[in-house]
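This chain uses plain numbering: 1 for the first residue, then up along the sequence. The structure displayed is predicted, hence computed values, not measured ones.
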Amino acid sequence: MSRKYLLGVFAFAGMALASDVRIVEEIVAKVNGDIITRSELERGRMMLEYELKQQGLSGMRLQQALQEREKDLLKDQIDQLLLVQKGKELSINVDTEVAKQLAEIQLQSKITDPDKFQQWIHEQSGQSYEDFRQQMKNNFLTRRVIGQEVGSRISVPRSEIEKYYEEHKNEFIRQEQVF
């Protein structure tokens, strides 16, 4: 009898503990050992919404554009993750570009104190300074990989360049100025 009683107590305690379980983070995709989480997708959605607002969209047009571009959000994040992995595989280092960009942002914001600047970044972007810096690094790495792997293989014949120039000659003419 006491054995059944103990099993009942353990079963009850197990159910009580199981009902208290909360999901902290949900993995949406796994790409070559790296993961994309639900919060990363949500952060991407918020950034997309911010970009669309910067383009002047609002109201119903904003919602329509957001729904249209939201469909590709996961695919875009997987693509970026693959490009970042390729950049790491190629040992591409973009730390100097990231440091320059952060210094430029800090100069434009006119905030000299590093702690206040990090707080300002958090307020402006809605993410921690480290996450902001990592995202910037990933963007630079992605661009560098695309430039190195794709751009280096593109060759435009000289005749096409000359033809384009002749057709768009007026776009290349600048007004005379004195500096």
Side-chain angles (χ1 to χ4, degrees), residues 40-179:
E40 288 172 337
L41 268 180
E42 184 58 34
R43 190 176 318 124
R45 185 190 176 287
M46 288 177 9
M47 288 178 52
L48 178 62
E49 185 175 359
Y50 177 76
E51 289 173 16
L52 292 172
K53 284 180 181 177
Q54 292 295 321
Q55 294 173 7
L57 297 177
S58 62
M60 194 62 166
R61 290 182 57 208
L62 173 68
Q63 292 304 320
Q64 288 173 343
L66 190 59
Q67 285 177 349
E68 188 65 33
R69 301 232 346 242
E70 243 179 3
K71 296 175 186 175
D72 295 329
L73 203 56
L74 180 59
K75 179 187 73 71
D76 292 343
Q77 286 200 351
I78 290 172
D79 289 345
Q80 184 178 27
L81 190 56
L82 288 169
L83 288 168
V84 167
Q85 289 173 352
K86 182 69 173 175
K88 289 177 183 176
E89 180 182 308
L90 295 172
S91 300
I92 295 175
N93 188 354
V94 293
D95 290 336
T96 55
E97 289 97 334
V98 172
K100 284 179 186 176
Q101 184 70 33
L102 285 171
E104 186 175 318
I105 293 170
Q106 188 171 7
L107 186 64
Q108 289 174 355
S109 69
K110 299 177 182 173
I111 301 172
T112 56
D113 183 35
D115 293 330
K116 288 181 181 178
F117 177 67
Q118 290 181 10
Q119 180 64 30
W120 182 80
I121 289 288
H122 178 68
E123 291 168 1
Q124 296 298 312
S125 67
Q127 54 188 347
S128 70
Y129 177 77
E130 291 78 20
D131 289 344
F132 180 79
R133 188 176 194 289
Q134 185 62 41
Q135 183 178 9
M136 186 181 287
K137 183 176 180 177
N138 290 346
N139 289 339
F140 276 112
L141 199 54
T142 299
R143 281 189 239 138
R144 182 85 73 81
V145 168
I146 290 172
Q148 185 174 325
E149 294 295 308
V150 177
S152 65
R153 292 187 173 94
I154 296 175
S155 67
V156 180
R158 179 106 175 129
S159 61
E160 284 188 36
I161 294 171
E162 290 172 359
K163 179 183 172 193
Y164 179 83
Y165 174 74
E166 291 300 325
E167 291 173 356
H168 299 90
K169 204 175 222 180
N170 59 348
E171 295 174 21
F172 295 103
I173 298 173
R174 283 198 262 168
Q175 295 294 327
E176 292 182 25
Q177 297 177 350
V178 177
F179 295 97

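Looking at residues two or more places apart in sequence or on another chain, you find a salt bridge (charged side-chain N to carboxylate O under 4.0 Å, His left out) between Asp79 and Lys75. When the side-chain contact (heavy atoms from CB on, under 4.5 Å) test is applied to Glu104, the partners found at least two apart in sequence or on another chain are Gln108. Partners of Glu40 according to the side chain to side chain donor-acceptor pair (under 3.5 Å) rule, which considers only residues two or more places apart in sequence or in another chain, do not exist here. The salt bridge (charged side-chain N to carboxylate O under 4.0 Å, His left out) search around Arg43 returns none, not counting sequence neighbours. The side-chain contact (heavy atoms from CB on, under 4.5 Å) check on Ile146 picks up Leu83, Thr142, Val150, with sequence neighbours excluded. Applying the side-chain contact (heavy atoms from CB on, under 4.5 Å) rule to Lys86 yields the partners Glu89, Leu90, Val145, Glu149; only residues at least two apart in sequence or on another chain are considered. In this structure, the side-chain contact (heavy atoms from CB on, under 4.5 Å) partners of Lys169, at least two apart in sequence or on a different chain, are Tyr165, Glu166. By the salt bridge (charged side-chain N to carboxylate O under 4.0 Å, His left out) test, Glu162 is found to be paired with Arg158, residues two or more places apart in sequence or in another chain being considered. Residues passing the salt bridge (charged side-chain N to carboxylate O under 4.0 Å, His left out) test with Glu42, sequence neighbours excluded: none.
Listed by first and then second residue, the salt bridge (charged side-chain N to carboxylate O under 4.0 Å, His left out) pairs that reach into residues 124-141 are Asp95-Lys137, sequence neighbours excluded. Within the structure, every pair that satisfies the side-chain hydrogen bond (donor to acceptor under 3.5 Å, both in side chains) test and touches residues 64-73, not counting sequence neighbours, is listed here: Arg45-Glu70.
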Got a list of side-chain donor-acceptor pairs under 3.5 Å for residues 109-123, not counting sequence neighbours?
| residue | atom | partner | partner atom | Å |
| --- | --- | --- | --- | --- |
| Ser109 | OG | Ile105 | O | 3.3 |
| Ser109 | OG | Gln106 | O | 2.9 |
| Asp113 | OD2 | Lys116 | N | 3.4 |
| Gln119 | NE2 | Glu123 | OE2 | 3.4 |
| His122 | ND1 | Gln127 | O | 3.1 |

